[in-house]
A.B. asks: 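Sharing a structure here in structure tokens format.
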Amino acid sequence: MPGTIRTIQRGGSRWYVDPATAIKYPGVTSVVAMLPKPFLVWWAARMTAEAAVSNLPAVASIAERDEAGAVDYLRNAHSRYTKLRARVGSEAHDLFERMIRGEAIGRVHPDLEPYREGFAEFLDVVRPELVRAEDIAWSDSHEYAGSFDAILRVRLGEDGKPDHENGVWHLLIVDWKTSKATYPDVALQMSAYAHADKIVAPDGSSEPMPEFDGAAVLHITPDGWAFKPVRIDREVFDVFLTLRRVFTWDRETSKSVIGRAIAESARRLITGTQRRA
């Protein structure tokens with residue numbers, strides 16, 4: 001039986017490793033992270049400022065005893081928020097997978113209840129049929145891999161909305177998002193999954209990636225949910241492939257383009273006193 005694909009973290013990126021061949025490919029989200037996001041600088045600065053203003057007495061108290069500690073507290077404000085959102089998102093994704101698989105869900109943590117309620121309403125309104133969930137999309141052609149949320153069959157009418165009587169079945173690659181908003185880079189992520197060569201199951205077995213009729217993202221927050229179509233055509237995928245090349249540049253090529261100096265200034269004189277210091 002084929003070995004199970006495992007993941008590792010290297011250089012701040014996630015890599016998928018095939019134990020049978022030792023082939024290592026970067027994760028889709030790590031490749032998409034190559035997309036420039038200058039707004040994150042201003043967002044992080046705002047998070048720091050808000051943390052300072054909201055916690056002035058505490059920050060002042062810390063600074064009196066440990067100035068460096070106060071700086072670290074403020075500097076890491078955006079990281080604390082990101083980690084909190086990542087934890088909620090991970091727990092919500094786990095809940096969605098269990099629900100889409102038909103598992104009976106009892107009481108959940110109050111923080112997750114709005115997500116449970118929203119996902120239950122989505123299942124009732126859209127009535128999707130699960131094909132695959134949380135498997136790995138693997139591309140030897142372009143050397144990347146990633147774990148997708150679900151492949152669903154959904155019956156849609158001519159207007160593109162659910163039609164459970166006269167609609168036509170569509171095979172969709174689907175992603176769950178619990179972020180504040182849906183962002184365009186989800187199309188890059190989903191186009192990568194849809195254009196991969198094969199699907200790899202948890203036991204290591206694989207099958208060719210099917211042809212999809214489209215893609216959709218379920219954006220679900222405590223305030224509500226929306227099921228939105230997403231473009232995964234060749235134009236979008238080509239942008240992802242450009243980022244894949246940028247990833248190689250950033251991790252590999254850039255480290256070899258500048259050689260050793262073939263001429264340089266004389267070394268600065270080091271005195272005996274400096275050597276003995």
Side-chain angles (χ1 to χ4, degrees), residues 1-35 82-83 85-103 130-153 171-178 185-212 215 217 232 236-256:
M1 178 180 295
T4 302
I5 300 295
R6 63 189 181 94
T7 61
I8 58 174
Q9 292 286 336
R10 292 289 186 275
S13 298
R14 173 174 291 181
W15 297 78
Y16 288 75
V17 183
D18 183 345
T21 62
I23 289 175
K24 180 179 69 175
Y25 291 154
V28 167
T29 53
S30 294
V31 173
V32 174
M34 294 292 100
L35 192 69
T82 300
K83 289 179 180 179
R85 291 305 310 163
R87 179 184 63 78
V88 172
S90 178
E91 292 177 354
H93 274 64
D94 177 75
L95 176 65
F96 299 159
E97 182 184 357
R98 290 189 285 121
M99 292 177 70
I100 196 72
R101 291 186 184 278
E103 181 179 329
L130 177 65
V131 178
R132 307 286 294 249
E134 294 295 339
D135 286 334
I136 292 172
W138 185 274
S139 175
D140 287 313
S141 299
H142 302 290
E143 300 185 348
Y144 67 83
S147 178
F148 58 83
D149 289 336
I151 296 176
L152 305 178
R153 293 179 72 242
L171 186 69
L172 306 178
I173 182 89
V174 177
D175 198 69
W176 326 127
K177 293 296 184 187
T178 58
D185 58 6
V186 70
L188 300 172
Q189 178 184 349
M190 299 187 72
S191 69
Y193 298 148
H195 288 86
D197 298 326
K198 61 185 178 181
I199 298 173
V200 183
D203 64 2
S205 61
S206 65
E207 64 180 60
M209 185 64 71
E211 291 288 333
F212 292 100
V217 58
I232 54 171
V236 175
F237 184 52
D238 281 344
V239 175
F240 173 82
L241 293 181
T242 298
L243 295 176
R244 178 64 184 89
R245 292 191 289 273
V246 173
F247 185 93
T248 297
W249 162 265
D250 184 68
R251 297 299 192 271
E252 300 174 15
T253 313
S254 64
K255 296 175 174 55
S256 64

A.B. asks: State which residues pass side chain to side chain donor-acceptor pair (under 3.5 Å) with Tyr144; sequence neighbours excluded, sorted by chain then number.
C.D. replies: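 In terms of side chain to side chain donor-acceptor pair (under 3.5 Å), with neighbours along the sequence ignored, Tyr144 is linked to no residue.
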A.B. asks: Any side-chain to backbone donor/acceptor pair from Ser205 onto Ala201? Under 3.5 Å, distance only.
C.D. replies: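 No, because the side chain of Ser205 does not come within donor-acceptor range (under 3.5 Å) of the backbone of Ala201.
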A.B. asks: For Trp176 versus Ala150, what's the shortest heavy-atom pair and its separation?
C.D. replies: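 Heavy atoms only, the tightest pair is CZ2-CB, 3.7 Å.
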A.B. asks: Donor-acceptor pair, Ser254 side chain versus Asp250 backbone, under 3.5 Å?
C.D. replies: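 Yes; judged by distance alone, with no hydrogens or angles, the pair exists.
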A.B. asks: Are Phe148 and Trp138, when compared by the centres of their aromatic rings, separated by less than 6.0 Å?
C.D. replies: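 No, the ring centres sit 6.0 Å or more apart.
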A.B. asks: Listing request: all salt bridge (charged side-chain N to carboxylate O under 4.0 Å, His left out) pairs with a residue in residues 185-200, at least two apart in sequence or in separate chains.
C.D. replies: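 Qualifying pairs, neighbours excluded: Lys37-Asp185.
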A.B. asks: Under the rule for ring pair (Phe, Tyr, Trp, His ring centres under 6.0 Å), what residues qualify as partners of Phe237, not counting sequence neighbours?
C.D. replies: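 His142, His195.
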A.B. asks: Between Asp175 and Tyr193, is any side-chain donor less than 3.5 angstrom from a side-chain acceptor?
C.D. replies: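 Looking only at side-chain atoms, Tyr193 and Asp175 do not form any donor-acceptor pair under 3.5 Å.
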A.B. asks: Which pair of heavy atoms, one from Ile151 and one from Ile199, lies closest together, and at what distance?
C.D. replies: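 Closest approach of Ile151 to Ile199, heavy atoms only: CD1-CD1, 3.7 Å.
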A.B. asks: At what distance, to the nearest 0.5 angstrom, does CZ of Arg10 lie from CH2 of Trp15?
C.D. replies: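 Reported value, rounded in 0.5 Å steps: 10.0 Å.
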A.B. asks: Would you find more than 12 non-hydrogen atoms of other residues, nucleotides or ligands less than 6.0 Å from Arg98 atom CZ?
C.D. replies: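 Enclosed: over 12 neighbouring heavy atoms sit under 6.0 Å from CZ of Arg98.
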A.B. asks: Not counting sequence neighbours, which residues clear side chain to side chain donor-acceptor pair (under 3.5 Å) with Arg244? List them please.
C.D. replies: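 Side chain to side chain donor-acceptor pair (under 3.5 Å) check on Arg244 returns Thr248.
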A.B. asks: Can any side-chain N or O of Asp18 pair as donor or acceptor with the backbone N or O of Ile23 at less than 3.5 Å?
C.D. replies: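 The answer is no, because no donor-acceptor pair under 3.5 Å joins these two groups.
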A.B. asks: Not counting sequence neighbours, which residues clear side chain to side chain donor-acceptor pair (under 3.5 Å) with Ser139? List them please.
C.D. replies: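 In terms of side chain to side chain donor-acceptor pair (under 3.5 Å), with neighbours along the sequence ignored, Ser139 is linked to no residue.
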A.B. asks: Under the side chain to side chain donor-acceptor pair (under 3.5 Å) test, which residues partner Glu97, sequence neighbours left out?
C.D. replies: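 Once residues adjacent in sequence are excluded, the partners of Glu97 under the side chain to side chain donor-acceptor pair (under 3.5 Å) criterion are Arg101.
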A.B. asks: When you compare the side chains of Arg251 and Ser13, does any donor N or O come within less than 3.5 Å of an acceptor on the partner?
C.D. replies: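 The answer is yes; a qualifying pair exists.
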A.B. asks: What closest approach, in Å, do Phe212 and Leu172 show between heavy atoms, and which atom pair accounts for it?
C.D. replies: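 Where Phe212 meets Leu172 most closely, the heavy atoms are CD2-C, 3.9 Å.
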A.B. asks: What's the verdict on salt bridge (charged side-chain N to carboxylate O under 4.0 Å, His left out) for Glu207 and Arg132, showing C-alpha distance, side-chain angles and the deciding distance?
C.D. replies: CA-CA 12 Å; Glu207 64 180 60; Arg132 307 286 294 249; 3.0 Å; yes
A.B. asks: Quick check on Gln9: does its CD atom have over 12 non-hydrogen neighbours (other residues, nucleotides or ligands) under 6.0 Å away?
C.D. replies: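 Yes, enclosed.
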A.B. asks: Do side-chain atoms of Thr7 reach the backbone of Tyr16 as a donor and acceptor pair under 3.5 angstrom?
C.D. replies: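 Absent.
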A.B. asks: Check the pair Thr4, Asp203 against side chain to side chain contact (heavy atoms under 4.5 Å, CB included), reporting the backbone distance first and the verdict last.
C.D. replies: CA-CA 5 Å; Thr4 302; Asp203 64 2; 5.6 Å; no
